[in-house]
Amino acid sequence: MIRTEELLLNVGPQHPSTHGVFRIVVKLDGEVITEATPVMGYLHRGTEKIAENLNFTQIIPYTDRMDYVSAMTNNYVLVHAVETMMGLEVPLRAEFLRLIVMELQRVASHLVWWGTYLLDIGAMSPFLYAFRDREIIIDLFNELCGARLTYNYMRVGGVKWDAPPGWMDKVRDFIPYMENKLQEYDNLVSGNEIFLARIKGIGQYDAATAIDYGLSGANLRCTGVDWDLRKAEPYSLYNQFEFDVPLGKKGDCYDRYRIRMEEIRQSLRILKQALQQFPEGGETMGKVPRVIRPPAGEVYVRIESPRGEIGCHIVSKGKAEPYRLKFRRPSFVNLQILPKLLVGETMTNLITILGGIDIVVGEVDC
Amino acid sequence: MSEERKEEGKALTDEEVEAAPPADAEREAKLKAAAEARAARAAAKEKADAEAAEAEPPKPKPPSPKQPELDAIIALLKREVADEAVEDAYVNELNGDMPTVIVNNTHWRAAAELLKRHKQLQFDYLRNVSGVDYETHMEVVYHMVSLSSKREAAVKVKTEREDSSVYSATPVWATANWNEREIYDLLGIDFPGHPDLRRIMMPDDWVGHPLRKDYEPLDSEV
């Protein structure tokens, strides 16, 4: 007689497919998951507590380290919150520079996701291609601000550095290059039978569930909910550009894959227009008081990061340091749906679903 | 040890200041001039303020365009939940005129239900939950938005600092689950009705709640 019993399996925190130090404890019945408990906090650095003793310019480097795959958008959400509180004007040139680096960052971030997702599923070479092309963006950022990942580029009221001579031309050259490569990626992977079999219909949920769980980014839009903050609640200069918000229908891993691929194309489209409209001269820093002291009160601002809605809630008492600073991190909120999706799935699909959510553990733990 | 030295150093400088010979005439003159300048500035400011007050009586600010939205929320809460459900309400000008309502703790659960499900409001998307330690009290802030009408609101619930507890919003919005766990972990606010209230960031055996203003780390050097 065959006897079966429940198996408790620990995945992580040191596991390449958890994209950082994230751990999940699963209960298995044969190969089917009956219960999944995510365990996090391994990368908790207490950013919010540290920030209470720092002035706002000093906090910017800490935001780089939250979502280290998309540091530019993190920079932006903090400086945007402070600017909203103080009613500061940002010079047009600085705002264009910010928008350009944020869209480049979105492309870079989605490339990391694309490469690592396929690596999770078992394809080695796409990872190398994605990192080869992301490297170009990293080099551009390096030239702009001297850092490859933790840029510390934006400041309250503007940006730290103007684009060096010839930088814009390099960005301009990158766009057609990337468009070509995207076509190559699609030819290589997007129609692959094995790959499709692994992701179609996996990790499915409907729009009502997605909204209830507060999902954002591709995780929300894969169910057909048209909610991209660049369009829904425009910030920066996004209402000046034409771009589409790709939507899914079924809410499965395949839809999320397709949306992220399409978002790279749309980002390139925005970049093209931004480069055309980029102002010739102008300041890169607005008029900012020597000591940045937002008035007493509170503010919540949110922007669309590559992973979804990243928000910043500042409570100020009129001092140079925030009284309380809270980040709404999309990875953290999106991850909540994982235990629900995993019940009834097989162990192999755990990796597919987790990868499809697209988390960065630095942001989950903050 | 280091603290002792610090105090010593401080005492020394204080002494020095006191023991310093009555500053030379130049320094005294400078001090006097500075004091005069300060007084003159203060007087000028007072005068200007008085003039401004006389010149134009403070005219009432035009009501915010979001005021009707806020009024609708208040009216519904008062009618459907309870009269005393709304403790306070205002339009947050710093934040693009965000309608902000402070809901009474005992009525919060019914209010949350109403905010999400009522046809006029439909705040179906809870975007953020933050806890704030105000030293006099604790506050939990819920930022919500209606995806269909794009209207926003911030709802605050106040609670005492000791034995603080706020009804969990997880049965209403599933997304509140981990957010509330994080607040419980870092600020020590209890959420009755939460399905799984455990620490989420700190280790399970951690003592204290780090984001509280009176939190003292075990080893302050680290």
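On a predicted model such as this, the values are computed, not experimentally measured, just so you know. Throughout, protein chains are lettered first and strands after them, A, B, ... in sequence-line order, and every chain is numbered starting at 1.
With rounding to the nearest 0.5 Å, the separation of CD in E48(A) from CG in L187(B) is 9.0 Å. If you take NE2 on H44(A) and CD1 on I200(B), they are separated by 10.5 Å, rounding to the nearest 0.5 Å.
Your options are R198(B), M202(B), K156(B), and the one with the most heavy-atom pairs under 4.5 Å with chain A is K156(B). When T175(B), V141(B), T100(B) are compared by the number of non-hydrogen pairs under 4.5 Å with chain A, T175(B) comes out ahead.
For S216(A), the parts lying under 4.5 angstrom from a heavy atom of chain B are both the backbone and the side chain. There is no contact between S316(A) and chain B, counting heavy-atom distances below 4.5 Å. If you measure heavy-atom distances from P38(A) to chain B, the contacts under 4.5 Å come from the side chain alone. If you measure heavy-atom distances from V225(A) to chain B, the contacts under 4.5 Å come from the side chain alone. If you measure heavy-atom distances from R329(A) to chain B, the contacts under 4.5 Å come from the side chain alone. Proximity to chain B (any heavy atom under 4.5 Å) is shown, for Y323(A), by both the backbone and the side chain. Contact annotation for A207(A): neither backbone nor side-chain heavy atoms come within less than 4.5 Å of a heavy atom of chain B.
In this structure, the side chains of K326(A) and E182(B) come closer than 4.5 Å at one or more pairs of heavy atoms. Looking only at side-chain heavy atoms (C-beta outward), R324(A) and K213(B) stay at 4.5 Å or farther from each other. By the 4.5 Å heavy-atom criterion applied to side chains, W173(B) and Y213(A) are not counted as neighbours. With contacts defined as side-chain heavy-atom distances shorter than 4.5 Å, the pair E298(A)/N95(B) does not qualify.
Other residues, nucleotides and ligands contribute at most 12 non-hydrogen atoms within 6.0 Å of the CG atom of D163(B). Residue E84(B) places its CD atom among more than 12 non-hydrogen atoms of other residues, nucleotides or ligands, all under 6.0 Å distant. Shown here is Y167(B), whose OH atom has no more than 12 heavy atoms of other residues, nucleotides or ligands within 6.0 Å. Within 6.0 Å of atom CD in E89(A), 12 or fewer heavy atoms from other residues, nucleotides or ligands are found, so the atom counts as exposed in its surroundings. More than 12 heavy atoms of other residues, nucleotides or ligands shown are found within 6.0 angstrom of OH on Y238(A). The 12-atom threshold is exceeded at NZ of K49(A), counting heavy atoms of other residues, nucleotides or ligands nearer than 6.0 Å.
Cation-pi geometry between K317(A) and Y134(B) is not met: the NZ or CZ atom fails to fall both under 6.0 Å from the ring centre and inside 45° of the normal.
In terms of heavy-atom proximity, P295(A) sits nearest to L94(B) at CG-CD2, 3.7 Å.
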Tell me which donor-acceptor pairs under 3.5 Å the side chains of residues 124-131 of chain B have, and how far apart each pair is, sequence neighbours excluded?
unit_1	atom_1	unit_2	atom_2	d
D124(B)	OD1	L147(B)	N	3.1
Y125(B)	OH	G214(A)	O	3.1
Y125(B)	OH	L215(A)	O	2.8
Y125(B)	OH	R328(A)	NH2	3.4
R127(B)	NE	E309(A)	OE1	3.4
R127(B)	NE	E309(A)	OE2	2.9
R127(B)	NH1	E152(B)	OE2	2.8
R127(B)	NH2	E233(A)	OE1	3.1
R127(B)	NH2	E309(A)	OE1	3.4
N128(B)	ND2	S130(B)	OG	2.9
N128(B)	ND2	H143(B)	ND1	3.3
S130(B)	OG	H313(A)	ND1	2.8

